[in-house]
Amino acid sequence: MNGKLYIVATPIGNLEDITLRAVRILKEVNLIAAEDTRKTGILLKSYNIEKPITSYHSYNARQKTAGLIDRLARGETIALVSDSGTPGISDPGSHLIKECINRNIDVTAVPGPTAFVMALVLSGRPTHKFVFEGFLSNKKGRRKRQLEELKGEERTIVLYESPHRIKSFLDDFLDVFGDREVVLARELTKKFEEIKREKASEHIRFFENNSPKGEYVVVFSAQEKSEEEEAE
């Protein structure tokens, strides 16, 4: 009889942001597959969870998937957790989820924090319609083409960017969209949580004298509208 894969959302920063169900499932499963075993180990220790843990990240996902599928097929239960937030969003978890579905192995999710949703809500941009783009290309030419493709987008746009690429992204944004507001969110739920709502040029000036720190969630609108138009 097949086991079950649990997609378990974990805190994006503050360790208190975990559901009671998530703690229970992590205590009950046979195995925890974690994107970052060190970080997940800290979470497990804080909730007195003692379970076997194995790594499952972008560099070993394809090699590890077969073994995890075999264990699930034998009736074991596995919890999949990402570095932080909800597995399967811009991380290798989607590969394991797809394989389970293809093999008729039960998959369910234990919902919880997601960084881009929190950033969107705090951005002040319209939330009734939005599009999530994940990470854009790390190649400048491709990234600018991706931004050009978003110029006609009427929904609020949300994406992720790494600290070592955020300034290059803002340079490309300025070229494509002009000097309009971009919301940058970082360290969400942590002590130094920061939501900066500035024009692209102001962000760029800041990073000329300050090193970017932490992963960024970027929120912006491709088209400038009045408050009345945005509310429609």
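Not measured: the values here are computed from a predicted model.
Residues passing the side chain to side chain donor-acceptor pair (under 3.5 Å) test with S84, sequence neighbours excluded: none. Residues satisfying the side-chain contact (heavy atoms from CB on, under 4.5 Å) test with R71, not counting sequence neighbours, are L31, R74, E76, I78. Looking at residues two or more places apart in sequence or on another chain, you find a ring pair (Phe, Tyr, Trp, His ring centres under 6.0 Å) between F177 and F173, F220. Residues satisfying the side-chain contact (heavy atoms from CB on, under 4.5 Å) test with R103, not counting sequence neighbours, are I69, E99, I105. Considering only residues two or more places apart in sequence or on other chains, D175 meets the salt bridge (Lys or Arg N to Asp or Glu O under 4.0 Å) condition with K144. Shown here are the side-chain contact (heavy atoms from CB on, under 4.5 Å) partners of T114, two or more places apart in sequence or in another chain: T86, I89, F116, V117, Y160. For K27, the side-chain contact (heavy atoms from CB on, under 4.5 Å) test picks out V23, I49, with sequence neighbours left out.
Panel note: side chain S46, backbone L43; a donor-acceptor pair is recorded below 3.5 Å. Of the possible polar contacts, none joining the K51 side chain to the L26 backbone as a donor-acceptor pair under 3.5 Å is found. Without hydrogens or angle criteria, S90 side chain to G134 main chain gives no donor-acceptor distance under 3.5 Å. A donor-acceptor contact shorter than 3.5 Å is absent between the side chain of D91 and the backbone of S82. Put simply, the side chain of E181 never gets that close to the backbone of A200: no donor and acceptor are under 3.5 Å apart. Between the side chain of D83 and the backbone N or O of D36 there is no donor-acceptor pair closer than 3.5 Å. For the pair H203 (side chain) and L170 (backbone), a donor-acceptor distance under 3.5 Å is absent.
Residues Y56 and V81 fail the side-chain proximity criterion, which asks for heavy atoms closer than 4.5 Å. By the 4.5 Å heavy-atom criterion applied to side chains, H164 and P212 are not counted as neighbours. Put simply, the side chain of T108 does not reach to within 4.5 Å of the side chain of D106, judged on heavy atoms. At least one side-chain heavy atom of S137 sits under 4.5 Å from a side-chain heavy atom of Q146. For the pair I195 and S123, the minimum side-chain heavy-atom distance is 4.5 Å or more. Side chains of E215 and S162 form a contact here, defined as non-hydrogen atoms less than 4.5 Å apart. Under the 4.5 Å side-chain criterion, counting only non-hydrogen atoms from C-beta, I157 is not in contact with V219. Between T127 and T156, every side-chain heavy-atom pair lies at or beyond the 4.5 Å cut-off.
In this structure, K98 places its NZ atom where only 12 or fewer heavy-atom neighbours from other residues, nucleotides or ligands lie under 6.0 Å away. Heavy atoms of other residues, nucleotides or ligands lying less than 6.0 angstrom from CD of Q63 number more than 12. Residue K190 qualifies as enclosed at atom NZ: its count of foreign heavy atoms under 6.0 Å is above 12. Atom CZ of R24 is surrounded by more than 12 heavy atoms from other residues, nucleotides or ligands within 6.0 Å.
One distance of note links CD1 of I32 with CD1 of I53; it measures 5.5 Å at 0.5 Å rounding.
Note on V183: it clusters hydrophobically with F130, by side-chain heavy-atom contacts below 4.5 Å among ILVMFWY residues. Hydrophobic clustering (side-chain heavy atoms under 4.5 Å, transitive across Ile, Leu, Val, Met, Phe, Trp, Tyr) keeps V217 apart from F206. The hydrophobic cluster containing L80 does not contain V29, counting ILVMFWY residues as joined when their side-chain heavy atoms lie under 4.5 angstrom apart, directly or transitively. At a threshold of 4.5 Å between side-chain heavy atoms, the hydrophobic network of Ile, Leu, Val, Met, Phe, Trp and Tyr places L120 and V218 in two separate groups. L122 and V131 are assigned to two separate hydrophobic clusters, defined by single-linkage of ILVMFWY side chains at heavy-atom distances under 4.5 Å.
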Between side-chain atoms of residues 3-21 and protein atoms elsewhere (two or more places apart, or another chain), which donor-acceptor pairs fall under 3.5 Å?
{"residue": "N14", "atom": "OD1", "partner": "E16", "partner atom": "N", "Å": "2.9"}
{"residue": "T19", "atom": "OG1", "partner": "A22", "partner atom": "N", "Å": "2.9"}
{"residue": "R21", "atom": "NH1", "partner": "A109", "partner atom": "O", "Å": "3.3"}

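Contacts classified as salt bridge (Lys or Arg N to Asp or Glu O under 4.0 Å) and involving residues 192-202 (residues at least two apart or in different chains) are given here: R186-E194. Among residue pairs with one or both ends in residues 62-98, none qualify as ring pair (Phe, Tyr, Trp, His ring centres under 6.0 Å); sequence neighbours excluded. Identified under the salt bridge (Lys or Arg N to Asp or Glu O under 4.0 Å) test for residues 155-170, with sequence neighbours left out: E153-R155, E161-R165, K167-D171. For residues 11-34, the set of pairs meeting the ring pair (Phe, Tyr, Trp, His ring centres under 6.0 Å) definition, not counting sequence neighbours, is empty.
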Determine, step by step, whether M118 and T189 satisfy the side chain to side chain contact (heavy atoms under 4.5 Å, CB included) criterion, reporting the C-alpha distance in whole Å, the side-chain angles of both residues, the deciding distance to 0.1 Å, and the verdict.
-> CA-CA 9 Å; M118 180 176 177; T189 78; 3.6 Å; yes
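A side-chain N or O of S55 and one of N60 form a donor-acceptor pair less than 3.5 Å apart. Using modelled atom types and a 3.5 Å distance limit, the side chains of T54 and K64 yield a donor-acceptor pair. In summary, the side chains of S221 and R125 do present a donor paired with an acceptor at a separation below 3.5 Å, with no hydrogens or angles considered.
Of all heavy-atom pairs between G85 and P87, the closest is O-CD, 3.5 Å. Of all the heavy atoms in L159 and F132, the pair that sits closest is CA-CE1, 4.3 Å. Contact record, P92 with H57: CG-C, 3.5 Å, taken as the closest heavy-atom pair.
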